Participant: 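Quick one: structure below, then a few questions.
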Amino acid sequence: MNTAFRAVLSPCIGVCRLDDDGLCEGCLRTTSEIARWSQMNDDERLRLMETVLPRREEARQPFDLRLAERDRLRHALHPLDAVPVGAGWNHEELIDLLPPGPLADAAVLAGLVPRAQGTQVLLTRRTDGLRHHAGQVSFPGGRMEASDIDAVAAALRESREEIALLPAQVKPLGFLDPFTTISGFRVMPVVAVIDPDYVPTPEPNEVADVFEVPLDYLLSPDNLRRVEVDYRGRRRAVLEYDWPGQRIWGATAAILFNLRQRLEGV
């Protein structure tokens with residue numbers, strides 16, 4: 001079938017009602033595009049049918065269905081109804097560096113944003129004036145409170161407080177493995193899809209910046225390195241990504257490494 005012939009075929013399917021966005025429920029054209037159809041040239045019609053209308057169709061899907069890695073993640077993650085138990089996967093290497101007493105529970109939101117150019121990972125940079133983790137790149141999240149019924153609730157609450165991410169704009173998919181921090185927290189990473197229409201509003205006392213990094217970049221072994229550091233008189237290795245203008249390291253880099261490991265196991 002040649003291009004010119006394809007271009008003159010009307011996308012009308014006989015369902016001629018306007019939805020709340022002013023688009024025809026059948027063909028997804030605006031009233032102006034319908035009225036102009038007979039005056040359009042072949043290039044205009046072809047662009048409408050092969051570029052504009054497919055994008056509108058995609059936008060009508062629930063945002064979590066637009067995530068290309070959704071099915072792989074559902075196989076790679078711990079299910080939402082099977083929360084991982086036990087200490088962090090890195091607990092043994094920190095055993096002689098942890099503060100005394102039991103670990104405190106925390107949760108973070110590892111948010112994935114479906115974009116036309118590929119899936120992005122949502123990250124924040126803490127403000128420089130914070131007492132702990134000042135200026136560091138992190139996921140939204142923090143200590144679990146007594147009012148949080150579970151790790152998902154804690155991650156969603158913290159995300160709303162820190163960057164004004166509403167629960168309706170998040171679709172949790174599952175859990176990564178727990179991670180132990182050197183400050184004495186057992187962190188539960190909640191992997192979730194974030195609505196691409198979400199607009200970040202950082203809480204200025206906690207978050208200096210909200211930015212996205214391509215998931216493909218973070219999953220590439222070539223972009224992750226191990227750095228030796230001195231801590232309390234002992235040499236230990238931490239993971240680190242170099243991203244323009246940002247240093248993604250420590251717990252955040254380790255959680256992303258765990259995500260890569262679990263996806264590689266699918």
Side-chain angles (χ1 to χ4, degrees), residues 1-77 109-123 163-174 191-201 209-223 243-246 256 259-260 263-264 266:
M1 183 180 292
N2 62 51
T3 300
F5 184 69
R6 291 170 59 203
V8 299
L9 295 178
S10 170
C12 180
I13 61 172
V15 179
C16 301
R17 296 187 301 271
L18 295 181
D19 62 17
D20 294 339
D21 295 322
L23 300 177
C24 174
E25 292 184 358
C27 67
L28 300 182
R29 290 180 295 175
T30 65
T31 54
S32 174
E33 290 165 346
I34 294 172
R36 289 185 54 248
W37 181 260
S38 60
Q39 284 79 45
M40 289 182 183
N41 60 39
D42 287 349
D43 287 341
E44 290 177 305
R45 293 174 179 173
L46 193 62
R47 177 181 176 276
L48 184 69
M49 294 195 307
E50 295 194 342
T51 302
V52 177
L53 298 184
R55 286 179 180 172
R56 289 177 185 166
E57 177 65 32
E58 181 181 350
R60 295 178 80 180
Q61 293 181 323
F63 64 84
D64 60 302
L65 297 184
R66 301 181 218 167
L67 191 76
E69 299 83 4
R70 183 172 177 270
D71 289 340
R72 285 182 63 208
L73 283 164
R74 287 197 176 278
H75 287 91
L77 301 173
L109 189 77
L112 307 177
V113 188
R115 301 283 187 199
Q117 68 271 29
T119 299
Q120 308 288 304
V121 178
L122 188 79
L123 295 168
I163 59 174
L165 178 62
L166 301 178
Q169 298 172 303
V170 184
K171 182 68 175 179
L173 296 178
V191 179
V193 189
I194 294 178
D195 188 341
D197 291 333
Y198 158 68
V199 178
T201 305
D209 190 20
V210 181
F211 62 99
E212 296 178 5
V213 178
L215 178 62
D216 284 348
Y217 175 91
L218 296 169
L219 294 183
S220 172
D222 293 339
N223 295 324
W243 181 250
Q246 306 287 356
L256 289 166
L259 174 60
R260 190 185 93 197
L263 281 171
E264 288 174 345
V266 174

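What you see below is based on every heavy atom in this structure, not just the backbone, and it leaves out hydrogens, waters and symmetry mates. Note that this is a predicted model, so its numbers are computed, not measured.
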Participant: Would you please test Arg36 and Glu44 for side chain to side chain contact (heavy atoms under 4.5 Å, CB included) and show each step?
Facilitator: CA-CA 10 Å; Arg36 289 185 54 248; Glu44 290 177 305; 3.3 Å; yes

Participant: Could you report the tightest heavy-atom contact between Arg70 and Asp64, atom names first, then the distance?
Facilitator: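 Answer, listing the atom of Arg70 first, then Asp64: CD-O, 3.0 Å.
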
Participant: Work out which heavy atom in Pro196 is nearest to a heavy atom in Pro114; give both atom names and the distance.
Facilitator: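 In terms of heavy atoms, the two residues are closest at CB-O, 3.4 Å.
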
Participant: Is Glu33 paired with Arg47 through a side-chain N to carboxylate O contact shorter than 4.0 Å?
Facilitator: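 The answer is no: the pair does not qualify as a salt bridge.
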
Participant: Report the residue from Ile34, Thr30, Thr31 that forms a side chain to side chain contact (heavy atoms under 4.5 Å, CB included) with Cys24.
Facilitator: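 Among Ile34, Thr30, Thr31, the one meeting side chain to side chain contact (heavy atoms under 4.5 Å, CB included) with Cys24 is Ile34.
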
Participant: Go through the steps to decide whether Thr201 and Ile163 satisfy the test side chain to side chain contact (heavy atoms under 4.5 Å, CB included), and finish with yes or no.
Facilitator: CA-CA 5 Å; Thr201 305; Ile163 59 174; over 6 Å; no

Participant: As an exercise, state the distance from CD1 of Ile13 to CD of Glu25, rounded to the nearest 0.5 Å.
Facilitator: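 Rounded to the nearest 0.5 Å, the CD1-CD separation comes to 10.0 Å.
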
Participant: Does Arg45 form a side chain to side chain contact (heavy atoms under 4.5 Å, CB included) with Ser10? I'd like the steps, not just the answer.
Facilitator: CA-CA 9 Å; Arg45 293 174 179 173; Ser10 170; over 6 Å; no

Participant: From Lys171 NZ over to Leu65 CG, what is the distance, rounded to the nearest 0.5 angstrom?
Facilitator: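 Answer rounded to 0.5 Å: 9.0 Å.
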
Participant: Please examine the side chains of Val210 and Leu123, heavy atoms only from C-beta on, and report whether any two atoms are closer than 4.5 Å.
Facilitator: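 No. Closest side-chain heavy atoms not under 4.5 Å.
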
Participant: Please find the pair of heavy atoms, one from Leu48 and one from Met40, that lie closest to each other, and give the distance.
Facilitator: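 Answer, listing the atom of Leu48 first, then Met40: CD2-CE, 4.2 Å.
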
Participant: What's the shortest heavy-atom distance between Leu215 and Leu259, and which atoms?
Facilitator: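 Heavy-atom minimum between the residues: CD1-CD2, 4.0 Å.
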
Participant: Do you know which of Val113, Thr119, Ile194 makes side chain to side chain contact (heavy atoms under 4.5 Å, CB included) with Glu212?
Facilitator: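 Result for side chain to side chain contact (heavy atoms under 4.5 Å, CB included) with Glu212: Val113.
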
Participant: Check Val193 against Phe63 and note the closest heavy-atom contact, atom names and distance.
Facilitator: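 Closest approach of Val193 to Phe63: O-CE1, 3.4 Å.
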
Participant: Please name the pair of heavy atoms, one in Ala192 and one in Leu109, separated by the smallest distance, quoted to 0.1 Å.
Facilitator: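 Distance-wise, the nearest heavy atoms are CB-CD1, 3.8 Å.
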
